[in-house]
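Numbers here simply count residues along the sequence, with the first being 1.
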Amino acid sequence: MLNEEQRNFKRMQINAQAKLVTIEPISDQHFDAMCVDLSATGLSVHLDELLEVGTIVRVNINSTSANIAPLDATAKVIRASKENDGTVTAGLEIMHFN
């Protein structure tokens, strides 16, 4: 696992509502999530249900500014774990921007 010094891109700490829609292996499952950090190549989200590693999702995060476009990307779940409080933390690798 990379530590902060090994990352090619800095992560921004954010708290933004995100919508996830599965593409593969099962399509059209919808999840509400909280994006907690974001970089040029990935993001971390908190949600209520565990996603399988390898799942492909479409991620949408609305912008709070008219000057910044919303995030619309396709991403792959590269890690997911259930926390002590029952929430799930998932790491997503951005495959491409839509």
Side-chain angles (χ1 to χ4, degrees):
M1 177 167 269
L2 295 176
N3 66 36
E4 197 62 36
E5 290 79 35
Q6 295 171 309
R7 293 188 186 277
N8 290 327
F9 298 97
K10 295 284 186 190
R11 289 195 172 265
M12 296 184 307
Q13 302 299 311
I14 64 171
N15 284 308
Q17 293 292 322
K19 301 278 187 194
L20 308 180
V21 180
T22 59
I23 298 171
E24 293 177 12
I26 300 170
S27 65
D28 210 33
Q29 292 179 311
H30 295 253
F31 300 94
D32 290 322
M34 177 65 67
C35 179
V36 293
D37 69 45
L38 176 66
S39 78
T41 60
L43 60 150
S44 293
V45 296
H46 291 169
L47 62 160
D48 293 331
E49 296 185 49
L50 190 63
L51 294 172
E52 294 287 326
V53 170
T55 299
I56 308 297
V57 297
R58 186 161 185 172
V59 181
N60 292 97
I61 300 174
N62 287 328
S63 175
T64 58
S65 169
N67 297 328
I68 301 172
L71 175 78
D72 182 6
T74 300
K76 181 178 187 178
V77 177
I78 57 171
R79 70 181 182 291
S81 60
K82 196 159 203 158
E83 306 299 330
N84 291 336
D85 66 1
T87 62
V88 172
T89 299
L92 309 177
E93 178 182 44
I94 295 172
M95 299 168 65
H96 61 83
F97 293 94
N98 301 319

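Counting heavy atoms from C-beta on, the side chains of Q17 and M34 come closer than 4.5 Å. Side-chain atoms of V21 and Q29, non-hydrogen and from C-beta on, never get closer than 4.5 Å to each other. T74 is listed as a side-chain neighbour of I23, based on a closest heavy-atom distance under 4.5 Å.
Taking the side-chain contact (heavy atoms from CB on, under 4.5 Å) definition, one finds that L51 meets it with L20, F31, L47, V77, sequence neighbours left out. Every residue two or more places apart in sequence or in another chain was checked for a side chain to side chain donor-acceptor pair (under 3.5 Å) with N62, and none qualifies.
Taking every heavy atom of both residues into account, V53 and A80 meet most closely at CG2-N, 4.2 Å. Minimum interatomic distance between F97 and A73 (heavy atoms only, all atoms of both residues): CD2-CB, 3.9 Å. E52 and T55 get closest at one heavy-atom pair: O-OG1, 2.8 Å.
Taking hydrophobic clusters as Ile, Leu, Val, Met, Phe, Trp and Tyr residues chained together by side-chain heavy-atom distances below 4.5 Å, V88 shares a cluster with I61. Residues L43 and L50 share a hydrophobic cluster, clusters being chains of Ile/Leu/Val/Met/Phe/Trp/Tyr side chains in contact below 4.5 Å.
Of the inter-residue distances, the one linking E49 atom CD with D32 atom CG reads 10.0 Å to the nearest 0.5 angstrom.
With hydrogens and angles disregarded, no donor-acceptor distance shorter than 3.5 Å links the side chain of T22 to the backbone of E24.
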Point to revise | Intermediate values then yes/no, side chain to side chain contact (heavy atoms under 4.5 Å, CB included), S44 and R79 | key: CA-CA 9 Å; S44 293; R79 70 181 182 291; 3.5 Å; yes
Output a table of donor-acceptor pairs, distance under 3.5 Å, between side-chain atoms of residues 89-96 and any protein atom two or more places apart or on a different chain; print 'none' if there are none.
| unit_1 | atom_1 | unit_2 | atom_2 | d |
| --- | --- | --- | --- | --- |
| T89 | OG1 | H46 | NE2 | 3.4 |
| T89 | OG1 | E83 | OE2 | 3.0 |
| H96 | ND1 | N98 | OD1 | 3.2 |

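In the displayed structure, D85 atom CG is contacted under 6.0 Å by more than 12 heavy atoms of other residues, nucleotides or ligands.
Here the options are N15, I14, V59, L71, the test is side chain to side chain contact (heavy atoms under 4.5 Å, CB included), and the partner is C35; only I14 passes.
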